[in-house]
Amino acid sequence: MATDYDAPRKSEDDSESIEALKERVPSTQSGAGDVEDSDNPGFELAGADLSDVELDVVVLPAQQDEFTCMSCFLVKHRSQLDHQGPEGPICKECAA
C-alpha cells in the first residue's frame, strides 16, 4: 500500500476560515492606554509595586584574559580571538 505524502491532507480543521479562527482568539491589544516612551515601554507585574526598588549593578573592568571585539562590541575571552584587524581585535564569530 503506497502513501502519497505530497498530497494535501483533508481534515475537519482545514475547513475553518481565518475569520473564525480570529474570533476564537481573544484580543490582547487594546487601543486605550497611556502612550509610553518607545525606548522604555515599561512592564506591569500583577500586584507588584516596584516604584521604590533600586537596582545595584556592579560593573567589572575588562580582565587581562578578555578583549572587546571591534565588530560586535562584545567582551570575549582571549580564546575567542581570531585576528587583530585595523580597528582592533576581531572575534571568531565575526571573522566567519
Side-chain angles (χ1 to χ4, degrees):
M1 174 181 195
T3 303
D4 185 9
Y5 291 106
D6 294 328
R9 293 188 177 103
K10 304 230 187 251
S11 69
E12 295 174 16
D13 294 335
D14 291 341
S15 63
E16 196 168 8
S17 68
I18 189 76
E19 288 79 21
L21 291 173
K22 286 181 182 177
E23 289 175 7
R24 289 194 321 194
V25 176
S27 176
T28 57
Q29 298 178 354
S30 64
D34 295 335
V35 177
E36 294 190 27
D37 186 79
S38 63
D39 292 337
N40 187 10
F43 297 97
E44 304 253 346
L45 298 176
D49 180 19
L50 303 175
S51 59
D52 61 340
V53 175
E54 292 185 22
L55 298 176
D56 293 327
V57 178
V58 178
V59 178
L60 298 175
Q63 305 297 308
Q64 290 183 359
D65 60 344
E66 296 176 335
F67 71 97
T68 301
C69 175
M70 290 295 116
S71 180
C72 64
F73 302 105
L74 294 176
V75 176
K76 305 270 187 158
H77 189 265
R78 285 277 172 204
S79 64
Q80 296 177 339
L81 178 65
D82 186 71
H83 69 277
Q84 244 352 58
E87 301 87 24
I90 304 295
C91 70
K92 291 180 181 179
E93 290 180 9
C94 292

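What you are looking at is a predicted structure, and each value in this text was computed from that prediction instead of being measured.
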Residue pair C69 / C91: nearest heavy atoms and the distance that separates them: SG-N, 3.4 Å
Shortest non-hydrogen contact between E87 and M70, atoms and distance: O-CG, 3.6 Å
Salt bridge (Lys or Arg N to Asp or Glu O under 4.0 Å) pairs, two or more places apart, involving residues 51-62: none
Contact summary for F67 and I90, nearest pair of heavy atoms: CE1-C, 4.3 Å
Closest heavy-atom pair and its distance - Q64, R78: O-NE, 4.0 Å
Closest heavy-atom pair and its distance - S79, K92: O-NZ, 3.2 Å
Neighbour count >12 (heavy atoms, 6.0 Å) for atom CD, Q84: yes
